[in-house]
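Owing to the predicted nature of the structure, the values given are computational and were not obtained by experimental measurement.
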Amino acid sequence: MDSMLLLLAVLPGIVLFITVRRQDKIEKEPAGLMWKLFIGGALTTVSAMLIGWLGTEVLGEFAQAGSIAYLLIDNFLITALVEEGGKYFVLRKATWRHPAFNYTYDAIVYAVTASLGFAVLENILYVMDSDVMTALLRAVLSVPGHAFDGVYMGYFYGLAKAAWAAGERRATRRNLRRALWVPTLLHGFYDFCLDTESGLFTVIFLVFDAALTVFAIRRIKASSRADTPI
């Protein structure tokens with residue numbers, strides 16, 4: 001892979017990380033924890049690839065490739081749930097009891113960092129034998145998509161930690177579930193629209209992607225302004 005493709009594969013993740021981190025205005029997170037999340041997120045690409053390969057092999061025995069049932073299971077469960085579940089696992093293990101996790105916006109920084117670890121390594125693997133156009137398309141679609149899913153994971157994860165600190169166990173469990181299922185549904189629908197290869201779903205995808213971008217940016221800004229100690 002030449003230097004231009006490598007730059008296009010990595011640069012979007014750097015820009016998105018800096019953008020989200022800048023909104024953490026009260027207290028920056030420790031570099032060691034950030035690297036742990038980023039590397040942990042990157043390593044989940046391995047489990048996602050293995051489970052994805054095995055899952056599609058099994059799925060092919062029960063559903064016809066290209067059918068609606070196949071696409072729904074493949075995109076929402078085999079791809080989205082496995083990938084978001086891996087990021088969520090890294091997030092919980094690295095941060096839930098970490099002393100630096102003491103403000104609600106920290107959760108968004110953490111979740112986006114883990115998501116970008118996955119996205120950057122996946123992007124490098126995708127573009128290493130590809131061309132500049134593919135790298136550009138992934139730079140404006142795939143990498144931001146992972147990051148914005150991370151925004152919603154982090155938002156509900158922060159609510160869960162605040163509820164846990166307040167002794168509200170029911171709200172904690174509810175928001176921890178949302179921290180996994182909301183990004184999974186967003187991710188699954190995103191991929192499903194593209195995999196249908198339908199003109200209608202392409203239009204739906206473009207509208208969905210624009211809305212996801214706008215609302216994720218608004219969520220980042222609103223959560224930054226409402227950042228409170230836990």
Exercise. Pairs in or reaching into residues 24-43: which pass side chain to side chain donor-acceptor pair (under 3.5 Å), with residues at least two apart or in two chains?
Worked result: Glu27-Asn102, Glu29-Tyr110

For this session: Of all the heavy-atom pairs spanning Ser223 and Tyr155, show the shortest one and how long it is.
Result: OG-CD1, 3.8 Å

Exercise. Hydrophobic cluster mates of Ile51, side-chain heavy atoms under 4.5 angstrom, ILVMFWY only, any path?
Worked result: Val82

Identify every side-chain donor-acceptor pair in residues 12-23 under 3.5 Å, counting partners at least two apart or on other chains, and give the distances.
{"unit_1": "Thr19", "atom_1": "OG1", "unit_2": "Val15", "atom_2": "O", "d": "2.8"}

For this session: Please check if the side chain of Thr104 supplies one atom and the backbone of Thr228 the other of a donor-acceptor pair under 3.5 Å.
Result: yes

For this session: Check whether any side-chain heavy atom of Leu186 lies under 4.5 Å from a side-chain heavy atom of Phe208, and answer yes or no.
Result: yes

For this session: Among Ile, Leu, Val, Met, Phe, Trp and Tyr joined by side-chain contacts under 4.5 Å, find the other residues sharing a cluster with Tyr103 and list them by chain and number.
Result: Ile26

Exercise. Under a 4.5 Å side-chain heavy-atom rule over Ile, Leu, Val, Met, Phe, Trp and Tyr, are Leu54 and Phe76 clustered together?
Worked result: no

Exercise. Applying the 4.5 Å side-chain criterion to the ILVMFWY set and letting contacts propagate, would Phe148 and Val140 be lumped into a single cluster?
Worked result: yes

Exercise. What pairs meet the salt bridge (Lys or Arg N to Asp or Glu O under 4.0 Å) rule with one or both residues in residues 178-201, with sequence neighbours excluded?
Worked result: none

Can you list, pair by pair, the side-chain donor-acceptor contacts under 3.5 Å of residues 198-206, counting residues two or more places apart and other chains?
{"unit_1": "Ser198", "atom_1": "OG", "unit_2": "Leu200", "atom_2": "N", "d": "3.2"}
{"unit_1": "Ser198", "atom_1": "OG", "unit_2": "Phe201", "atom_2": "N", "d": "3.4"}
{"unit_1": "Thr202", "atom_1": "OG1", "unit_2": "Ser198", "atom_2": "O", "d": "2.8"}

Problem set entry | Inter-residue atom distance Arg219.CZ - Leu212.CG, 0.5 Å rounding | 13.0 Å

Exercise. Do Asp131 and Thr134 get their side chains close enough for a donor-acceptor pair, meaning under 3.5 Å?
Worked result: yes

For this session: Keeping to residues at least two apart or across chains, list the salt bridge (Lys or Arg N to Asp or Glu O under 4.0 Å) pairs with something in residues 73-92.
Result: Glu84-Lys87

Exercise. Can you list every pair that meets side chain to side chain donor-acceptor pair (under 3.5 Å) and has a residue in residues 40-66, with sequence neighbours left out?
Worked result: none

Problem set entry | Test ring pair (Phe, Tyr, Trp, His ring centres under 6.0 Å) applied to Tyr157 and Phe101, step by step | CA-CA 11 Å; Tyr157 187 65; Phe101 188 8; 5.4 Å; yes

Exercise. Phe118, Leu6: one ILVMFWY side-chain cluster at the under-4.5 Å cut-off?
Worked result: no

Problem set entry | Partners meeting side chain to side chain contact (heavy atoms under 4.5 Å, CB included) with Val207 (sequence neighbours left out) | none

Seminar exercise, completed: Looking only at heavy atoms, the pair that brings Ile124 and Ala9 closest together is CG1-CB, 3.9 Å

Problem set entry | Phe89, CZ: over 12 other non-hydrogen atoms inside 6.0 angstrom | no

Exercise. Shared ILVMFWY cluster between Phe38 and Leu11, side chains joined below 4.5 angstrom?
Worked result: no

Problem set entry | Qualifying residues under ring pair (Phe, Tyr, Trp, His ring centres under 6.0 Å), relative to Trp164, sequence neighbours excluded | Trp96

Exercise. For the atom pair CG (Asn75) and CG (Leu81), what is the distance rounded to the nearest 0.5 Å?
Worked result: 12.5 Å

For this session: Please identify each residue that fulfils ring pair (Phe, Tyr, Trp, His ring centres under 6.0 Å) with Tyr126, with sequence neighbours left out.
Result: none

Problem set entry | Side-chain heavy atoms of Met128 within contact of Leu5, under 4.5 Å | no

Problem set entry | Side-chain hydrophobic cluster, 4.5 Å single linkage: members besides Met133 | Leu137

